Number of protein chains: 2
Amino acid sequence: MTVYTATSLKSELNERGWRLTPQRETILQVFQNLPKAKHLSAEELYHLLQGEGENISLSTIYRTLKLMARMGILRELELAEGHKHYELNQPYPHHHHHLICVRCNKTIEFKNDSILKTGTKTAQKEGYHLLDCQLTIHAVCPMCQRALLPI
Amino acid sequence: MTVYTATSLKSELNERGWRLTPQRETILQVFQNLPKAKHLSAEELYHLLQGEGENISLSTIYRTLKLMARMGILRELELAEGHKHYELNQPYPHHHHHLICVRCNKTIEFKNDSILKTGTKTAQKEGYHLLDCQLTIHAVCPMCQRALLPI
DNA sequence: GAATTGATTGTGTATCATTCTCATTAAAGA
DNA sequence: TCTTTAATGAGAATGATACACAATCAATTC
Ligand SMILES: [Mn+2]
Ligand SMILES: [Mn+2]
Ligand SMILES: [Zn+2]
Ligand SMILES: [Zn+2]
């Protein structure tokens, strides 16, 4: 949960024998400039880049998202929509969690400092190297409670 | 997060105009008799039932898992394996969370009472009806840290 | 307890997110 | 600049999950 720049990304990649490519740099930039509370799926990122004239293949998008999640740069979110979403994995005080309506997928972000502390302590206790720590609350939003729809 | 019996399941289903079927009752029983810290995927549940001579179709398995998750009977877990896992959604003091190695998928359960309190409070504050609340820690286990494998 | 109704099931098929293959390209280091 | 090999792009393959629809049967009514 560090703040990355192109330079620090490059050195961390090179340390492991990997490379900084224009594609990887561009994708990191997109996430760094994303508005607060905005999450992107692979497909959404692909189309966003297309719109900016950046032709990065969908394969590379998928590979890069997975790589950056495994490095702890991005967080992989399961927002009850059948595909993954990603956002920058930010440290305190930007670290936050998600409250999701399982019916309409409306998502609310919220903060709670003690959760990251719990996560850090738990990982440490077991000797795990922490990448991400997210509280996910599945619930039914007020609107969907009123609409008496079948599940 | 209630403890369900066949009878309470039946009344809750009937309240909504739905039915208790032998398939649904059997599937609930499987989860109730599952050993601690055991999680099942749709496919695993299917084969477990086949082994017991219960021929419930894979479609029904998927439908039932989704139904019971939306009712709050089961929790849907994303254990970094490319498919969902399910377990009984148990109240305090059995409620727990997961620490997952993103490389080998080794999963450790841990408890922390304050998290459920945070989840309950957050949902209530926003007027959401709570179904489940899970802290997921993504990390790299000690063994996988030593094995210097490519991500 | 028979008839009615529509929710549920099983089978097969469709969908779609994600991964894989492989030839080509291009970072990194010497 | 040259060499090595990681990374990319394009398309095909995979696999988890959803869907369509005819047949079944759980719940309710008479
Ligand atoms: Mn977020
Ligand atoms: Mn568990
Ligand atoms: Zn909703
Ligand atoms: Zn591991």
Side-chain angles (χ1 to χ4, degrees), chain A residues 6-7 9-28 39-47 49-50 53-71 74 76-86 102-103 105 148-151, chain B residues 6-7 9-28 39-47 49-50 54-71 74 76-86 102 105 148-151:
Chain A
T7 316
L9 175 60
K10 174 168 161 57
S11 57
E12 187 154 331
L13 285 168
N14 291 348
E15 260 174 37
R16 312 193 197 192
W18 303 333
R19 298 168 185 179
L20 178 62
T21 62
Q23 291 88 341
R24 288 174 178 176
E25 199 175 335
T26 302
I27 290 173
L28 178 62
H39 311 113
L40 290 180
S41 68
E43 201 80 28
E44 284 166 346
L45 174 56
Y46 178 68
H47 287 117
L49 288 167
Q50 290 280 315
E54 295 278 358
N55 292 307
I56 301 179
S57 80
L58 199 50
S59 284
T60 298
I61 303 267
Y62 273 105
R63 280 187 290 236
T64 305
L65 291 173
K66 193 173 186 175
L67 177 83
M68 292 189 173
R70 297 283 180 101
M71 291 177 74
L74 298 179
E76 204 168 67
L77 308 173
E78 300 286 346
L79 300 179
E81 287 187 51
H83 50 256
K84 289 166 181 150
H85 283 76
Y86 296 83
V102 297
R103 300 207 191 155
N105 294 326
L148 285 172
L149 296 170
I151 286 284
Chain B
T7 316
L9 175 60
K10 176 170 160 52
S11 56
E12 187 153 332
L13 286 167
N14 290 349
E15 260 174 37
R16 310 193 197 192
W18 304 333
R19 297 169 185 180
L20 178 62
T21 62
Q23 290 89 340
R24 287 174 179 178
E25 199 175 335
T26 301
I27 290 173
L28 177 61
H39 311 115
L40 291 180
S41 69
E43 202 80 27
E44 284 166 347
L45 174 58
Y46 179 68
H47 288 117
L49 288 166
Q50 291 279 315
E54 295 276 358
N55 292 307
I56 301 180
S57 79
L58 197 51
S59 280
T60 299
I61 303 265
Y62 273 106
R63 281 186 289 232
T64 305
L65 290 173
K66 191 172 186 176
L67 177 83
M68 290 186 173
R70 296 285 179 103
M71 289 176 74
L74 299 179
E76 204 168 64
L77 309 173
E78 300 286 347
L79 301 178
E81 287 188 52
H83 48 256
K84 288 168 183 149
H85 282 75
Y86 296 83
V102 297
N105 293 328
L148 284 174
L149 295 170
I151 287 281

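In what follows, chains are A, B, ... by sequence order, proteins preceding strands, each numbered from 1. The shown structure was predicted, so the numbers you read here are calculated from the model rather than taken from an experiment.
Side-chain contact between A:Ile56 and A:Ile61 is present, with heavy atoms from C-beta onward closer than 4.5 Å. Here the side chains of B:Met68 and B:Leu28 are in contact, with some heavy-atom distance below 4.5 Å. Under the 4.5 Å side-chain criterion, counting only non-hydrogen atoms from C-beta, A:Tyr62 is not in contact with A:Lys66.
Comparing the helix axis at one end of the helix from C:dG1-D:dC30 to C:dA30-D:dT1 with that at the other, each defined from 5 consecutive pairs, gives an inter-axis angle of 60° (nearest 10°).
A straight line from CD of B:Gln50 to C1' of C:dG10 spans 12 Å, rounded to a whole angstrom. The interatomic distance linking B:Tyr46 (OH) with D:dG15 (C1') rounds to 16 Å, in whole Å. Taking atom CE on B:Met71 and atom P on C:dA7, their separation rounds to 16 Å, with Å as the unit. The nearest whole Å value for the distance from the CD atom in B:Glu12 to the P atom in C:dA7 is 18 Å. Remark: C1' of D:dA16 and NE2 of B:His85 are 12 Å apart, rounded to the nearest angstrom. Between the CG atom of A:Leu65 and the C1' atom of C:dT19 there is a distance of 13 Å, rounded to whole Å. Rounding to whole angstrom units, CD of residue A:Glu25 and P of C:dA26 are separated by 16 Å. Regarding B:Glu15, its CD atom lies at a distance of 17 Å from the P atom of C:dA7, rounded to whole Å.
Comparing B:Ser41 and B:Lys10 along DNA chain D, the residue whose closest nucleotide (by nearest heavy atom) sits nearer the 5' end is B:Ser41.
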Identify each atom pair where a protein N or O and an N or O of nucleotides 13-17 of chain C are less than 3.5 Å apart, giving names and distance.
none

Would you tabulate the nitrogen or oxygen pairs shorter than 3.5 Å linking the protein to nucleotides 2-9 of chain D?
from	atom 1	to	atom 2	distance (Å)
D:dT5	O2	A:Arg19	NH1	3.3
D:dT5	O2	A:Arg19	NH2	3.1
D:dA6	O4'	A:Arg19	NE	3.4
D:dA6	O4'	A:Arg19	NH2	3.3
D:dA6	N3	A:Arg19	NH1	3.2
D:dA7	OP1	A:Arg19	N	3.2
D:dA7	OP1	A:Arg24	NH1	2.7
D:dA7	OP1	A:Arg24	NH2	3.3
D:dT8	OP1	A:Thr21	OG1	2.8
D:dT8	O3'	A:Gln23	NE2	3.0
D:dG9	OP1	A:Gln23	NE2	3.3
D:dG9	OP1	A:Asn55	O	3.4
D:dG9	OP2	A:Ser57	N	3.1
D:dG9	OP2	A:Ser57	OG	3.2
D:dG9	OP2	A:Thr60	OG1	2.7
D:dG9	N7	A:Arg63	NH2	2.8
D:dG9	O6	A:Arg63	NH1	3.4

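Across every non-hydrogen atom of A:Leu13 and A:Arg19, the tightest pair is CD1-O, 3.3 Å. When all heavy atoms of B:Leu20 and B:Asn14 are compared, the closest pair comes out as N-OD1, 4.3 Å. When all heavy atoms of B:Leu79 and B:Asn105 are compared, the closest pair comes out as O-OD1, 3.6 Å.
Taking the salt bridge (Lys or Arg N to Asp or Glu O under 4.0 Å) definition, one finds that B:Glu12 meets it with B:Arg16, sequence neighbours left out. Judged as a side-chain contact (heavy atoms from CB on, under 4.5 Å), and not counting sequence neighbours, the contacts of B:Thr21 are B:Gln23, B:Arg24. Among residues two or more places apart in sequence or in another chain, the side-chain contact (heavy atoms from CB on, under 4.5 Å) test is passed with A:His83 by A:Ser41, A:Glu81, A:His85. In terms of the side chain to side chain donor-acceptor pair (under 3.5 Å) criterion, residue partners of A:Glu76 (sequence neighbours excluded) are, by chain and number, A:Tyr86. Residues meeting the side chain to side chain donor-acceptor pair (under 3.5 Å) test with B:Ser59, sequence neighbours left out: none.
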